[in-house]
Amino acid sequence: MPDANYDFGEVFQAIYIAKQRPAPPLVPENMKVTLQSYPPLGQVTPVHGKDVFLTAVLEIPKSRGTEPWEVYVWHSVDGSEWTEIKLLPAEDNQTPHTLQLLSESMSRLYFASSFSLDTSVQFTLKFRHGQTEEWRWIRDEQGLDDGWVVRPSTAISSDKLSDLIPDLNSEAWKVSSYPSQAPGTVLWSLEAPIPPAEGDNSTYKDISVGTPWGSFARWFALVRLWSPWLAPRHGKTQFSLDKDGILCSFLSPQGKNLVFLAISGISNVLPVFRHGSDGTLSVHARNDGLSDENAIILISEGDDFDCAVAAVMAQARALVTQAKQTSPRLDEELEALASDFKPEWMENWYDGLGFCTWNALGQRLTDQKIFDAVDKLAEHNIKVSSLIIDDNWQSIDYRGPSQFQYGWNEFEAEPKAFPKGLKATVSRIRKNHPHIQHIAVWHALLGYWGGLAPDGRIAQTYKTVEVAREDADRRNLPLGGKMTVVAKEDVSRFYDDFYRFLSGCGIDAVKTDAQFMIDTWVDASARRELITPYLNAWTISTLRHFSAKAISCMSQIPQALFHSQMPTNRPAILVRNSDDFFPEIPSSHPWHVWTNAYNSIFMGHLNVLPDWDMFQTVHEYSGFHAAARCVSGGPIYITDVPGQHDMDLIGQMTGLTPKGKTVIFRPSVLGKAVFPYTGYDDASLLKVGSYHGTVRTGNPILAIFNVSARPLTEVIPLSIFPRVDPSLEYVVRAHTTGKVSRPTKAGTPGSLFTGSLPVRGYEIFCAFPLTSVSSKKHGTIQTSNLGLLGKMAGPAAIFMSKIEQGENGRVVVDTRIKAFGTLDGEFLATIQGKPIPAHTVAISKADNRVLEIDLGMAWEELGLESKWSNEIEIKVYFST
């Protein structure tokens, strides 16, 4: 991060596209009316049946509830003339579930209708409050574009790429087809030779690809926002990129997806996507090599977006693996180190709550500031498992106008700020706070932001070279000319010595930042000879010395994404998934969560655990960030100012194990954006989906976030929850209210939910499959385990859960969970085989169908102790 003299506002303006949206116009309370539907307006929705059931929710002031409201859908089926259908009041079994609190001043009216289609339907809505009133169109009222409902053909469009890209530049590209590993997809590659570098000047070439299907309905891309980071871009019928792209996907009017992936890291060629003057897709390629080398683009088509992305990513991994076979000694060393890797099953370093010093303690770090911070955390009974000592602990020379010119002197910490040295600092922390299991330090891949101090001890110990950087990066940050770095011959020895020093000081993890700097080098020779050795040396050293306990940061450069982060011959590491958390810039926060959700579409296919960055629990967006981290599937670490903590929020993210460790609850499937083609300015809720558990018995999770500048209400179907099984019935629970839905099955008219959020609002819906048991008194009873209540990702606390009924009719709910909390469950309940005190069990105040068990209270009152296991076993018995 920039030093204290650098203007964070300028940095933000340079690297974020987020802008302060103008406040929505003030509307009198008795005039506020909103209308939403499913299928949604402004989006393309694939369906698999001929009949489309449309449900609309009209939100009106309560004082106007008696007015004769009318809603019509105006639509065109398969390109025919536009006609209208009146929506009728929805029947009870068609009414969407409402699990959130509705303002007392507002009411909702529900309408429904159905129509049939062969291929597609384009539609919009209009409404009025009386037959003599004028119609109000949803586009004029809320700025929502038409909706499209498409029925994709299950057949492959064509096995010829030229049929899908009519203007394909076949003279420039060699087209090859491959068998696809993803169901329902077809796969091709494009290859084109790029001339060699001339001396130290890289060669660049622009090659047109063409226009998918000749025209398209939507597109989505991941671009290089600036050198270190990826970010999403969206558009409709006109393709235009403001930044270089690495992944582009297009949606046809018939619901097909065409995905393009530009591969790097297997040669000296770096290809990226751009747009041509006529809006076509184009490739811009750079060759740093000494001979002709090919730019490679992978393309897949399929009905399902996720499968189409999986197809190109799987083929990319195959190509990267094949390319790595040219360096068998490296692979052998990685495999040998990986075979010795001992994963710390339930308490590995990213499953505990972490604390980072960066925003919390500022940029002039000292040992005393760290001591005070961890002491203050302990005073508040916040038992973090990991501590990250961020930037400014190192001994640097402070030469030049900014941190981008500062060089690193020696391994030992800054003597004035850490007068007794790094080892003494770490020893004191571990002695006074034994619950801190892991302590990491920050450093740049090349040492510091400006590399090495030319006259420092490190530069005198290892062979060095001087390399030229771009004077400014793509966003005009002043990177600053030449820098001194360790030469190719000594990179491995340098990393081995440095990490051995850190290990000797008690450090057992690293956060390695500024990895993008190797991609700012200008000379072809430096890029060709140094980029791969640095990436390889760092990967091997983290595994050798820290068992892969590392955070790779500012490393979303194409070379690292494919060469280092894609292969599966080593354990997965944490990789920062987006640009930073900027606490003081309000417009950055919705964009930060949005970007992470869309970046995870790509990052989730790598051999990494995406890290959505630290955040502060006392902040106007604190709950917003916390919910995002809880569904991300990645780590959670805070950067609170000492003493400024939201204990309730921390409690929603974490739990205490029987051994006194604070753990987080990570879903077993990574969170990502559910609708790939929804744009940031589309006035739509961001929907992030994840999943926890095994197939069928696990829990679909859907989090919604309002990234807009006005309140939003939407209709959300159960069918978009990840991995929901259409053959099962579920109940859905809302985190913020604790309300539980009636039983519902995906794909039925009654499987809809209203999601209403204010500005900065969020909600997490968790779905729980129901198990039916027989009862002589009540017929069939349905039951489910709702996990730990009051936790944002409560199902992720469950290690195992099964519900069985014996021949005598008694039902047992057998559960093993990760930490204490309140579990749902004439009955008997046991914990670790002992009966649970009756007063630790209660009916939920939020929903009288939910039984709550306070496990922490029961454990303490029974005087239980943890022996070898961290699991808590609970069994609930009841007769039917």
Side-chain angles (χ1 to χ4, degrees), residues 38 45-49 51 53 55 92-99 183 304 306-307 631 633 667-669 671 674 687-704 715-735 738-755 763-775 778-789 793-805 811-817 823-825 847 849-851 876 878 880:
Y38 189 83
T45 305
V47 298
H48 298 288
D51 295 324
F53 191 86
T55 300
D92 290 343
N93 64 347
Q94 301 170 344
T95 302
H97 304 254
T98 298
L99 302 181
D304 184 87
D306 290 334
C307 287
V631 299
S668 53
V669 173
V674 170
K687 302 167 190 71
V688 181
S690 59
Y691 186 89
H692 183 74
T694 58
V695 177
R696 287 180 60 87
T697 61
N699 303 109
I701 301 172
L702 187 76
I704 57 175
V715 183
I716 300 168
L718 178 63
S719 59
I720 71 167
F721 284 52
R723 305 191 183 191
V724 71
D725 189 324
S727 68
L728 299 179
E729 279 196 295
Y730 293 84
V731 290
V732 174
R733 186 176 187 273
H735 169 69
K739 290 187 175 181
V740 179
S741 74
R742 61 182 180 267
T744 187
K745 183 181 289 188
T748 61
S751 62
L752 301 175
F753 298 82
T754 52
E763 182 62 90
I764 301 176
F765 296 112
C766 296
F768 303 88
L770 290 164
T771 297
S772 296
V773 296
S774 59
S775 169
H778 308 289
T780 299
I781 297 175
Q782 293 177 301
T783 185
S784 186
N785 183 349
L786 303 187
L788 289 185
L789 305 183
I798 301 173
F799 286 131
M800 182 279 291
S801 180
K802 61 181 179 180
I803 301 173
E804 297 178 336
Q805 186 173 26
V811 177
V812 58
V813 181
D814 189 358
T815 304
R816 288 174 176 84
I817 63 170
L823 185 76
D824 88 294
D847 193 313
R849 296 170 297 169
V850 177
L851 195 66
V876 178
F878 61 92
T880 61

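Contact record, S690 with V669: CB-O, 3.3 Å, taken as the closest heavy-atom pair. When every heavy atom of G750 is checked against every heavy atom of T744, the shortest pair comes out as O-OG1, 3.4 Å. The heavy-atom pair separating T98 from K739 by the smallest distance is O-CD, 4.4 Å. Heavy atoms only, all atoms of each residue included: S784 and P769 are closest at OG-O, 2.9 Å. Minimum heavy-atom separation, P96 to T754: CB-CG2, 3.9 Å. Of all the heavy atoms in F765 and I704, the pair that sits closest is CE1-CD1, 3.7 Å.
The OH atom of Y691 lies 9.5 Å from the CD1 atom of I701; values are rounded to the nearest 0.5 Å. Taken from CZ in F721 to SG in C766, the straight-line distance is 8.5 Å, to the nearest 0.5 Å. Note that CG of L99 and CZ of R742 are 9.5 Å apart. Values are rounded to the nearest 0.5 Å. Atoms OH and OG, on Y730 and S741 in that order, are 12.0 Å from each other to the nearest 0.5 Å. Here L702 contributes atom CG and I716 contributes atom CD1; the two are 6.0 Å apart, rounded to the nearest 0.5 Å.
Judged by distance alone, the side chain of S668 and the main-chain N or O of G693 form a donor-acceptor pair under 3.5 Å. A donor-acceptor pair is defined here as one N or O able to donate and one able to accept, closer than 3.5 Å; such a pair exists between the side chain of H692 and the backbone of I798. Formation of a donor-acceptor pair under 3.5 Å by the S751 side chain with backbone atoms of L718 is not found in this model.
In terms of the side-chain contact (heavy atoms from CB on, under 4.5 Å) criterion, residue partners of S727 (sequence neighbours excluded) are, by chain and number, R696, D725. Residues satisfying the side-chain contact (heavy atoms from CB on, under 4.5 Å) criterion with P717, sequence neighbours excluded, are Y38, S719, I720, L752. With sequence neighbours excluded, the residues satisfying side-chain contact (heavy atoms from CB on, under 4.5 Å) with T697 are T694. Residues meeting the salt bridge (charged side-chain N to carboxylate O under 4.0 Å, His left out) test with D304, sequence neighbours left out: none. Every ring pair (Phe, Tyr, Trp, His ring centres under 6.0 Å) that F753 has, sequence neighbours left out, goes to H97. Applying the salt bridge (charged side-chain N to carboxylate O under 4.0 Å, His left out) rule to K745 yields no partners; only residues at least two apart in sequence or on another chain are considered.
Side-chain contact between T783 and S772: absent, with no pair of heavy atoms (C-beta onward) separated by less than 4.5 Å. P700 has its side chain out of reach of R723: every pair of non-hydrogen atoms, C-beta onward, lies at least 4.5 Å apart.
The number of heavy-atom neighbours closer than 6.0 Å to CG of D92, taken from other residues, nucleotides and ligands shown, is 12 or below.
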